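Before any comments, here is the structure.
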Amino acid sequence: MTLSSMTGFGRAEGHYKHYSWVWEIRSVNGKGLDVRMRIPPGLDAFDQFIKTTIKKEITRGSINVLLQLSKEETDTDVKVNEAALDKLIGVAKKASVDHDLPMPSLDSLLSIRDVVEIILTEDNENQISERNDILKKSFIEALSELKSSRQEEGLATRKMLSDVIDQVEDLLNQAEEIVNNQPSLLKEKYEEKVNALFDNKQGIDKDRLAQEIVLLATKADTKEETDRLRAHIASARTMLDAKGTIGRKMDFLTQEFNREANTLCSKSSDIALTNIGLSLKTAIDQIREQVQNVE
C-alpha cells in the first residue's frame, strides 16, 4: 500500500430492469474517518453496508456518499370501474333525450374520478434483492475508483514531500559547516569585546577568559540539534516508503522537526546560521501543510 492522500473522487453508474443509478463518493482530509450519506428513502439498509465497506478500505478522511436512483414507470395496469361507467352512460343517455343534448364522449366519461384507476406494478422481493445486490457491486466500483484517485494524489504528495525533505537535508549540511567553525568565531568575537573594554591585556586573567569562551561555546553548541534533525530526515524517508497509513506519524515528526529548528535559531550567534534556521522552518512548514492531507 503506497502513500495515500485523503482527497479523491469515485463515480459508478449502473442499471437493472427499469432502474438506473449513479454513485458518487467524495473524500477530503479529516482527523479520523467520518462517513456521511445521502441516499433515497427506502434504502436505509444500505447505511451499515456502506460504512462497513468503507472502513475496510479507508482509515482516514471525511467521506460523502451520494446515490441518485431513478425508476422508469413503464410497468402499469389499467382498471376500469365497469359498474360506475355503465351508470354514467345511462345517466348521459337519459339527459341527452330529456334535454335534447349531445351525448358526452367516452373520453369525458373515463376522465371522471374513480372510473379509471392506474395501477403501478410493484417489484417482488426477488427483484428488489437482485437490484440491491447490483447496487452494492456498483458502490464497490465507485469506492475502488475513489481509492485509486486518493493513491494517485498520494504519489504527487510523496514527490513533493521527498523534494522538501531533500531541501531540509541540504540546509542542514550548510548549517553543520557553519557550526563547525562557530567555536573559533565565538573566541574571536569575545576577545574583540574584551579588548574594546580594556586598554591593555595585563589585567585580564587568561584562564578566566578561556573559561568564558568555553562556556559560550557550550551554550551555542548545536550538534545535538543537528544530529536530531538528521535522524528526523532518515525517519521521514523511511515513513514515505512504509506500508500503511503514515499521516499522524508524519504530523508528529513535523512537530519534532520544528522544535529542533527553533532551538537551532535560538542558539545561533551567526547571521548565516540564523538565516538557514529560518529557511529550515519554512521548509518544515511546507512538509506540515502536505502532511495534513496524507492518510
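Just so you know, these numbers come straight off a predicted model, no measurement behind them. Positions are given from 1 along the sequence.
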Between F46 and W23, how do the two ring planes meet: parallel, tilted or perpendicular, split at 30° and 60°?
-> tilted
Would you confirm whether R228, through its side chain, and R259, through its main-chain N or O, come within 3.5 Å as a donor-acceptor pair?
-> no
Look at R60 together with E295 and state whether they make a salt bridge at an N to O cut-off of under 4.0 Å.
-> no
Output the distance between atom CD (Q255) and atom CD1 (I284), rounded to the nearest 0.5 Å.
-> 12.0 Å
Is S96 reaching over with its side chain to a backbone N or O of L101, donor-acceptor style, under 3.5 angstrom?
-> yes
Within the side chain of E145, is there an N or O that forms a donor-acceptor pair under 3.5 Å with the backbone of R11?
-> yes
For the pair I25 and L66, evaluate side chain to side chain contact (heavy atoms under 4.5 Å, CB included) and give the outcome as yes or no after the intermediate values.
-> CA-CA 6 Å; I25 314 176; L66 170 66; over 6 Å; no
Same apolar cluster: I178 and L264, side chain cutoff 4.5 Å | yes
What's the spacing between S5 OG and Q290 CD if we round to 0.5 Å?
-> 9.0 Å
Give a yes or no answer on whether the side chain of S108 reaches the backbone of P104 with a donor-acceptor pair at less than 3.5 Å.
-> no
Closest non-hydrogen atom pair, L273 against A175 = CD1-CB, 3.8 Å
Output yes when a side-chain donor or acceptor of T53 lies under 3.5 Å from a complementary backbone atom of F49, and no otherwise.
-> yes
So do Y16 and D133 actually touch side chain to side chain, heavy atoms under 4.5 Å?
-> no
Got F139 and V65 here, is their nearest side-chain heavy-atom distance under 4.5 Å?
-> yes
N-O pairing of K137 and E141 below 4.0 Å | no
Give, for atom CG of L135 and atom NE2 of H15, the distance between the pair rounded to the nearest 0.5 Å.
-> 12.0 Å
Within a strict 4.5 Å, meaning less than it, do heavy atoms of the V97 and K93 side chains meet?
-> no
Nearest non-hydrogen partners of L33 and I58, listed with the distance = CD2-O, 3.5 Å
Looking only at non-hydrogen atoms, find the nearest pair between S138 and G14 and report the distance.
-> OG-N, 4.4 Å
The reported gap from OG1 in T274 to CG in L278 (rounded to nearest 0.5 angstrom) is 7.0 Å
Separation between CG (L146) and CD1 (I54), nearest 0.5 Å, reads 8.0 Å
For K223, does its backbone N or O pair with a side-chain atom of T226 as donor and acceptor, under 3.5 Å?
-> yes
Is the backbone of E125 close enough, under 3.5 Å, to the side chain of S129 for a donor and an acceptor to pair up by distance?
-> no
Thinking salt bridges, do K249 and D251 make one under a 4.0 Å N-O criterion?
-> no
Does E152 CD have over 12 foreign heavy atoms under 6.0 Å away?
-> no
S235 side chain vs A231 backbone, donor-acceptor pair below 3.5 Å | yes
Is the closest side-chain heavy-atom distance between K17 and R131 below 4.5 Å?
-> no
For residues 157-174, tabulate all N or O donor-acceptor pairs below 3.5 Å that involve a side-chain atom, not counting sequence neighbours.
| unit_1 | atom_1 | unit_2 | atom_2 | d |
| --- | --- | --- | --- | --- |
| T157 | OG1 | E153 | O | 3.0 |
| R158 | NE | L240 | O | 3.3 |
| R158 | NH2 | D241 | OD1 | 2.3 |
| K159 | NZ | D163 | OD1 | 3.3 |
| K159 | NZ | D163 | OD2 | 2.8 |
| D166 | OD1 | R237 | NH2 | 2.7 |
| E169 | OE1 | R237 | NH1 | 3.3 |
| E169 | OE1 | R237 | NH2 | 2.8 |
| E169 | OE2 | R237 | NH1 | 3.4 |
| D170 | OD2 | Q174 | NE2 | 3.0 |
| N173 | OD1 | R230 | NH2 | 2.9 |
| N173 | ND2 | E169 | O | 3.4 |

Give, for atom CD of E289 and atom OG1 of T254, the distance between the pair rounded to the nearest 0.5 Å.
-> 11.0 Å
In terms of hydrophobic clustering (I, L, V, M, F, W, Y; side-chain heavy atoms under 4.5 Å; direct or indirect links), are Y19 and V22 co-clustered?
-> no
Report yes or no: is the cationic atom of R26 (NZ for Lys, CZ for Arg) closer than 6.0 Å to the six-membered ring centre of F9, at no more than 45° off its axis?
-> no
Report yes if some heavy atom in the side chain of L43 is under 4.5 Å from a heavy atom in the side chain of N132; otherwise report no.
-> yes
Between W21 and S70, a side-chain donor and acceptor under 3.5 Å = no
Is there side-chain contact between L280 and T282, with at least one heavy-atom pair below 4.5 Å?
-> no
Answer yes or no: is there a side-chain heavy-atom contact under 4.5 Å between M37 and K51?
-> yes
Going only through I, L, V, M, F, W and Y residues with side-chain contacts under 4.5 Å, is there a path from I89 to I112?
-> yes
Determine whether L67 and P40 make a side-chain contact, defined as any pair of heavy atoms from C-beta on separated by less than 4.5 Å.
-> yes
Carboxylate-amine/guanidinium proximity below 4.0 Å for K281 and D285 = no
Return yes when atom CG of D86 has more than 12 non-hydrogen atoms of other residues, nucleotides or ligands closer than 6.0 Å, and no otherwise.
-> yes
Distance only, no hydrogens: is a donor on one side chain within 3.5 Å (strictly under) of an acceptor on the other, for S27 and R150?
-> yes
Taking all non-hydrogen atoms of both residues, which atom of G8 and which atom of S149 are closest, and how far apart?
-> CA-OG, 3.3 Å
